[in-house]
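In what follows, a structure is listed as structure tokens, so that the remarks can point back to it.
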Amino acid sequence: MKILFLSAEADPFIKVGGLGDVAGSLPGALKNIQPSLDIRLCIPRHQALKVDGFEVEPYKIFDLHRNKVESYVKVEKIEKDGVDVFLIGGEPFSRSKKVYESDVSLDGEKYFFFSLASIEFVELDNWIPDIVVANDWHTAIAVVDVYHRRSSEAWKNTKTVFTIHNLGYMGAGTNDVLTRFGVPELPPSDLPWWGNHMPLPMAAKLADKIVTVSPTYAKEIQTHEYGCGLQEFFVSRDQDLIGIINGIDLVLWNPARDPYIPASFSKDDLTGKLTNKNSIQSEFGFEVDQAVPLFTIITRMDQQKGVDLLVDSIKYLEDKNFQLIILGTGDQKLEQKSVLLEIRYPGKVKTLIKYDPKLSRKLYAAADLVLMPSRYEPCGIAQMISMRYGTIPLARITGGLKDTIQDGKTGFLFDELSPEVLADTMSRAIKLFDDKNTWNQIQQNCMAENFSWQISARKYLNLFNSM
Ligand code: ADP
């Protein structure tokens, strides 16, 4: 079976959020289960791409001509975990420095080019996939393109899977770019009218199967609260909609062998975790004291993630002894609010506005609690990493957080989206932190969880086989 994965990001080459974790590890996990699978992963040749330590082989150059768009396509190849990774470069990527720009037209240009060039590339390479797995709106147009190519002999048996990692981003505002690339809008259907020319709904309509990254999110997107206007459409596709929880790469995320943390530790011996906490407390000018619970949040600064709720909750906790480190970047207003919080509570709150994978590892290893007060969370990777590092998640009960955290056993969950309720839940955690026996038990329960790809990759494989 030939499987083509398309993704805007894939760890370790480029990562902004959980999509990068998934695209970086799922193909290799599938290959592990069934070595005979022929898997290709195409990712864009972003300017910020990191390929140190990998051999990059020039593979193919060709021209892509679609309606008013003409560009060269430069394909390079890397091998990773038995998977052929292809870097798709071209003119639109030379004009953009960031993986995701605030200018939607520029992202439209980049990602429609990437999607169409990837499909054209595999055809030119005489490698027609049995299954195409496209991820999020950036690669949605590949599903549309395969749908149109199916009238040809070569593509007539190819099936498509469209995986939704985040329904909040649909590729709105790219109509003109779609027209420039000559991608026709869909005829009227059970999609709302605006969905006929928006990448994510178009792919959701045309894909053979739709995957969401947790079972709860698959149900949630069929409701008014989470469906972003597509809820009725998703209800109509319920039979083809599958929720498969993401896994994490247990080799990449392992506190016993993490080269970036000062002291290694494991479930059987957590001494190293205490050393890591001391080291972070002193690095950020906090009181070095094991008795003070250390919270962290490692996140994209986005409304979705509830950073505003967190900022507004701290005033209810002024009499409590705790420390908080915020690491994140994104929305400027949220960044500013977080910086102001540090100014207001020096010695208690530290804010770092940056994307820093090494620091994120040190924080997962040092903190007592990871906060995820998300408004919605399709899966969430941070809570799985934190549990692996013996750091207890405190999260809103939504999407994948609901599927992976058990209140009182492996974390602290709350429902109502309010700073007061978040503060109450943090108080509950701060209080329990003094009860060392219970705390240690929860920590042990977290570290005993197995979020490896084994089970989820098998579910993907069963899905592909069924198709
Ligand atoms: P999302 O995909 O919605 O951003 P997830 O929880 O699924 O959220 O995945 C986020 C991933 O990105 C985690 O691996 C997290 O550690 C990482 N991450 C987020 N922000 C930062 C940051 N500022 N620095 C380093 N890593 C980050």
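None of these values were measured; they are calculated from a predicted model. First listed ligand is number 1; within each ligand, the first listed atom is number 1.
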[X] contact mode with ligand 1 (heavy-atom cut-off under 4.0 Å):
X: A382; result: both
X: I381; result: both
X: T299; result: backbone

Distance-only side-chain donor-acceptor flag, Q304 / S374, under 3.5 Å =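 Note: Q304 and S374 side chains miss the donor-acceptor criterion.
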Provide the closest heavy-atom pair for K110 versus P92 in the form atom of the first, atom of the second, distance.
->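 Nearest pair, atom of K110 first, then P92: CG-O, 3.7 Å.
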In ligand 1, which numbered atoms sit nearer than 4.0 Å to a non-hydrogen atom of [X]?
X: R300; value: 1 (P), 3 (O), 4 (O), 20 (N)
X: G380; value: 6 (O), 7 (O)
X: I385; value: 14 (O)
X: D21; value: 11 (C), 13 (C), 14 (O)

Answer yes or no: is there a donor N or O on one side and an acceptor on the other, between the side chain of R458 and the main chain of I33, under 3.5 Å?
->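 Side chain of R458 to backbone of I33: no pair is present.
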I'd like to know whether [atom1] of [X] has more than 12 heavy-atom contacts from other residues, nucleotides or ligands below 6.0 angstrom.
X: L274; atom1: CG; value: yes
X: E318; atom1: CD; value: yes
X: Q444; atom1: CD; value: yes

Is K305 in contact with ligand 1, taking contact as a heavy-atom separation below 4.0 Å?
->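 Under 4.0 Å: yes for K305.
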K354: heavy atom below 4.0 Å from ligand 1, yes or no?
->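 It does, in that a heavy atom of K354 comes within the 4.0 Å cut-off of ligand 1.
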Write out the residue and atom name of the closest protein heavy atom to [atom], then the distance separating them to 0.1 Å.
atom: atom 10 (C) of ligand 1; answer: G18 N, 3.6 Å
atom: atom 24 (N) of ligand 1; answer: D356 N, 3.0 Å
atom: atom 27 (C) of ligand 1; answer: Y355 CE1, 3.5 Å

Parallel under 30°, tilted from 30 to 60°, perpendicular over 60°: which one fits the rings of H138 and Y111?
->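 H138 and Y111: tilted rings.
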Between F13 and F54, how do the two ring planes meet: parallel, tilted or perpendicular, split at 30° and 60°?
->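 The arrangement is tilted - the two ring planes meet at 30° to 60°.
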Are Y169 and W137 near enough that their ring centres are under 6.0 Å apart?
->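 No, too far apart.
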Looking only at distances, can you tell me whether any N or O atom of [X], backbone or side chain, sits closer than 3.5 Å to an N or O atom of ligand 1?
X: P357; answer: no
X: Y364; answer: yes
X: W253; answer: no

Among L317, I314, L309, D312, find the residue that satisfies the side chain to side chain contact (heavy atoms under 4.5 Å, CB included) test when tested with L422.
->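 Exactly one pass, corresponding to L309.
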